[in-house]
Amino acid sequence: MARWDAGGVYSFDRTRTRADVFAIDTPPPTVSGSLHVGHVFSYTHTDVIARFQRMRGKAVFYPMGWDDNGLPTERRVQNYYGVRCDPSLPYDPSFTAPDKPGKHAIPVSRPNFVELCARLTAEDEKIFEHLWRYLGLSVDWSMTYATIDRRAQRVSQLSFLRLLRRDLAYQLEAPTLWDIDFRTAVAQAELEDREQPGAYHRIRFKPSSGEGAFVEIDTTRPELIPACVALVAHPDDERYKPLFGREVITPLFGVRVPVKPHALADPEKGTGAAMICTFGDVTDVIWWRELGLPVRAIIQTNGAFKPVTWGERGWESTDAARAQAQYDQLAGLSAVKARTRIVDELKASGDLLGEPRPITHAVKFYEKGDRPLEIVTSRQWFVKTMEFREQLLARGRELEWHPPYMQARYDNWINGLAGDWCVSRQRFFGVPFPLWYKVRVDGSLDYDAHLVPGEDRLPVDPSTDVPYGYDPGQRNQPGGFAGDPDVMDTWATSSLTPQIAARWEEDPDLFARVFPMDVRPQAHDIIRTWLFDTVLRSHCEFDSLPWKHAAISGWVLDPDRKKMSKSKGNVVTPMALLEAHGSDGVRYWAASGRSGTDTAFDPGQMKVGRRLAIKLLNASRFVLAQPAPHGPVTAAIDRGLLTMLARIVRESTADLEAFNYTRVLERTETFFWSFCDDYLELVKGRRYGDQGPALAASANGALLAALSTMLRLFAPFLPFVTEEVWSWWRDGSVHRSAWPTPEEVLAACGGSEDDRAVESLQFAAAVLGAIRKKKSEEQRALKTPVAKAVVRAPAAQLALLPEVEQDLRASGLIQQLETAAADALLVDVELAPPDTPGEERPQ
RNA sequence: GGGCGCUUGGCUCAGUGGUAGAGCACCGCCUUCACACGGCGGGGGUCACUGGUUCGAAUCCAGUAGCGCCCACCA
């Protein structure tokens, strides 16, 4: 490793033009988590491609980023140091974190908190880099970035301001998906469904006229009755048609709400009528918006029912005193507790019909959260995506997907988009929105009056920096300014990794040499987030794809076919693996996993990889012990070997260009083993001069050419062992050597392919195999001489015999060799008697 | 509900029109002068199921089932 660094083997040559560059948009791993075997797996895939392209002569732009931005870091810092962020506190320059977290979290200011985040992530990054180097990633370590560093912040804020200037970013107060524990908005892309137990409650609503039947609905969230603003049913539903336009009275609270028709109401579900609340789920939001309903919000940002004085606008009740009394019981409670309470009240009032019927249903969660999402009205920043849907689908078709079927996930996601991208988060550790608002004389914020910094000032922190034309004393004062308190979604920054790594608008020369990049390697679970968002940003800013290829890797599954993850406790630490099986061994296993395919964690394969590396070491030692000069390759089986190898080189080059690395490794390995088992055995005697110097030179020439080629074919997969062997006899690094070409291999044996020579080699190997089989069947030592061998074969094959006979006699220890015509190859083998003393090599 | 992928020997997987393959595991043999962190050999599969196309199907087409994943406005 030290040698690679010292020689600048992996340095990016920025004098090269775009056509000679291969640029990789390396995924920045989340440093707050630990690296697991899945990282080793997918990063190896990328490294194989990087090494191949480098040997092909490309200047490989292979940076490394650290994703230290966002909630995972916040959470880790909170737990590691035992602190919590309180933005209202002033910065304390003398603050030092305790060695161990105490019982109670220590409140610290936002700048102090951010300092702790930076300190901890810096330590994590060192550990990560060590592992990557140990694994042998051919990253240019002079080009690292972190998603929270100044460069990333600058790019992130710059890109945001550009979107804002073009009206592609906007602010809106609207119902937003909200995590009540993290107390932040979350985006559609961060949702996941989880099966949760719940129960249908059948509730009756009294007609406001006092006449006619009660209207019954089923709901899983009866606690939201005070937030009910309407009932809804399908427009064609005969049962409810007469009710459309009329009003009903909510139970317990006595609020008059209309009955409305809407096509989304499913007559098959429940009673066919549903309660619309502000807001129980995303369907409520659609109904509320499309039917123009009022808001009766009751859930606060912490998930508790907010205190309400009944009688506010929109909260009229036929019995305000009763409504207030009912509601006072709920105020301050969580949704779950409120549900229990209200069910008791409904039972008492007779408005709950029958018992709740338990069900299991999918509920939306923030993917990192522990409690179901609520929908809370708040002011958030959005980036326009809906209007670009068709164009983004076209970008998806333009992108080359590996494997191709992964494009379906991208299309699926775009076709399912429900709204623009909410990019603001009510968190502390992240890239701040680079703007301020004017404060009106009455102290309220004028959100339409942004104050934005010049691009040359970026990055800014609006909580400490001051907009032009103002002085710090005017912060939060009437007539003054106030900083936007939010930070951006981590994906808002991560979606700019090509721009960050390529130093957009900072180093235009570099940017022009590497952007758009060649490949984005990533896993399939973040196509809807990272890949999609990156395409969006590039499309908006540059009207182009950010890269030409998307190389999608699968997951590593444990033997039970479950995704390996920390929470399941089935993760093996990567460092222990690398130490146990060797980096080449682990890489061998990883490289056997095809693009997009989930792969079983398999230490057995790592052992095989290590064995291959050792075999390569030993075979190389044999090849390089050149007992006679090497010279022109003339013998048939030597030319056959190089012809086969030339074909493998041709196929492997095409496969690696197409990101199909598994096939290359498999094919090269198969060739190498037959090279060891058959070819080396066949030429062993000849190369020592048994058949004279010319034929010895032919064997040695072929051995050297084959070894040189195989080492280079293996180099992207097994960088350590190949570099070691290369250093025994060649100058420089194998990883900077030229990728082999068929022409180069054939040049060593006369310049053209030779089918007949290939057949000769295969024929000789088959005869040798038959002799070995006989010895094995007879349970005799391999050094047992063959008293007599009769090769029965078609005439065409027998015609090949003279060219390989001497090699066969020597390697098979054949004393008497005869031939006979036959339809297919069959070898009669007669071994020397067991007690024959002359178990020695015939001359 | 829509979509994608997978289903080949005990295990992990190649193989996409022409007589079923590899590695691991298993069994047997061999300390051969590159390699016992080794080598050689062997047993083992009606290629999920049904139908179709074809001279011929693991391979192409249609459908079915199971598993996994992605997506969706699941009151």
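Here is how names work: the chains are called A, B, and so on, in the same order as the sequence lines, proteins then strands, and each is numbered from 1.
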The side chain of [X] is closest to which nucleotide in this list: [options]?
{"X": "A/Trp413", "options": "B/A72, B/G42, B/C30", "result": "B/A72"}
{"X": "A/Phe622", "options": "B/A34, B/U32, B/C70", "result": "B/A34"}
{"X": "A/Ser776", "options": "B/G3, B/G41, B/G39", "result": "B/G41"}
{"X": "A/Ala600", "options": "B/U12, B/C24, B/A72", "result": "B/U12"}

Given pairs defined as Watson-Crick or G-U wobble with both distances under 3.5 Å, what dot-bracket annotation applies to RNA chain B, with ( ) intrastrand, [ ] crossing, | other strand and . unpaired?
((((((((.[[[[.)..(..]]]].(((((.......))))).....[[[[[..)....]]]]])))))))....
Between [N] and [M], how far apart are the two [atom1] atoms, rounded to whole Å?
{"N": "B/G5", "M": "B/C26", "atom1": "C1'", "result": "32 Å"}
{"N": "B/C30", "M": "B/A36", "atom1": "C1'", "result": "11 Å"}
{"N": "B/A48", "M": "B/A57", "atom1": "P", "result": "15 Å"}
{"N": "B/U59", "M": "B/A72", "atom1": "P", "result": "35 Å"}
{"N": "B/A22", "M": "B/G42", "atom1": "C1'", "result": "16 Å"}
{"N": "B/A20", "M": "B/C37", "atom1": "P", "result": "39 Å"}
{"N": "B/C6", "M": "B/C55", "atom1": "P", "result": "29 Å"}

Quick one: are [X] and [Y] in side-chain contact, heavy atoms under 4.5 Å?
{"X": "A/Gln188", "Y": "A/Arg528", "result": "no"}
{"X": "A/Arg647", "Y": "A/Phe671", "result": "no"}
{"X": "A/Leu352", "Y": "A/Ile203", "result": "yes"}

Kindly say if [X] contacts the phosphate of [N], meaning a side-chain N or O under 4.0 Å from OP1 or OP2.
{"X": "A/Lys607", "N": "B/C24", "value": "no"}
{"X": "A/Arg663", "N": "B/G15", "value": "yes"}
{"X": "A/Gln779", "N": "B/C40", "value": "no"}

Whichever of A/Met406 and A/Asp602 has the more 5' nearest nucleotide on RNA chain B, that residue is A/Met406
Remember a base hit wins even if backbone is also touched, and classify [X] as base, sugar-phosphate or nothing at under 4.0 Å, heavy atoms.
{"X": "A/Asp677", "value": "sugar-phosphate"}
{"X": "A/Ile527", "value": "nothing"}
{"X": "A/Lys269", "value": "base"}
{"X": "A/Ala265", "value": "base"}
{"X": "A/Cys676", "value": "base"}
{"X": "A/Trp288", "value": "nothing"}
{"X": "A/Glu268", "value": "nothing"}
{"X": "A/Gly604", "value": "nothing"}
{"X": "A/Tyr688", "value": "sugar-phosphate"}

Quick check on side-chain contact (heavy atoms from CB on, under 4.5 Å): which of A/Leu703, A/Leu707, A/Thr670 does A/Phe675 satisfy it with?
A/Leu703
Once you round to the nearest 0.5 Å, how far does [atom1] of [X] lie from [atom2] of [Y]?
{"X": "A/Phe388", "Y": "A/Arg395", "atom1": "CZ", "atom2": "CZ", "answer": "11.0 Å"}
{"X": "A/Ile771", "Y": "A/Leu831", "atom1": "CD1", "atom2": "CG", "answer": "9.0 Å"}
{"X": "A/Trp288", "Y": "A/Arg296", "atom1": "CH2", "atom2": "CZ", "answer": "13.5 Å"}
{"X": "A/Gln407", "Y": "A/Leu531", "atom1": "CD", "atom2": "CG", "answer": "10.5 Å"}
{"X": "A/Glu192", "Y": "A/Glu190", "atom1": "CD", "atom2": "CD", "answer": "11.0 Å"}
{"X": "A/Lys364", "Y": "A/Gln196", "atom1": "NZ", "atom2": "CD", "answer": "12.5 Å"}

Can you measure [X] atom [atom1] to [N] atom [atom2] for me and round it to whole angstrom units?
{"X": "A/Glu777", "N": "B/C40", "atom1": "CD", "atom2": "C1'", "answer": "12 Å"}
{"X": "A/Arg389", "N": "B/A72", "atom1": "CZ", "atom2": "P", "answer": "12 Å"}
{"X": "A/Ile552", "N": "B/C69", "atom1": "CD1", "atom2": "C1'", "answer": "14 Å"}
{"X": "A/His361", "N": "B/A75", "atom1": "NE2", "atom2": "C1'", "answer": "10 Å"}
{"X": "A/Leu291", "N": "B/A75", "atom1": "CG", "atom2": "P", "answer": "18 Å"}
{"X": "A/Tyr405", "N": "B/G3", "atom1": "OH", "atom2": "C1'", "answer": "14 Å"}
{"X": "A/Arg772", "N": "B/C40", "atom1": "CZ", "atom2": "C1'", "answer": "7 Å"}
{"X": "A/Asn415", "N": "B/C4", "atom1": "CG", "atom2": "C1'", "answer": "14 Å"}

Is the NZ or CZ atom of A/Lys684 positioned over A/Phe622's six-membered ring, under 6.0 angstrom from the centre and within 45° of the axis?
yes
N/O contacts under 3.5 Å, protein versus nucleotides 35-37 of chain B?
unit_1	atom_1	unit_2	atom_2	d
B/C35	O2'	A/Asn618	ND2	3.2
B/C35	O2	A/Lys615	NZ	3.0
B/C35	N3	A/Lys615	NZ	3.1

Within the 3.5 Å criterion, strictly below it, is a donor on A/Arg409 or A/Asn412 matched to an acceptor on the partner's side chain?
no
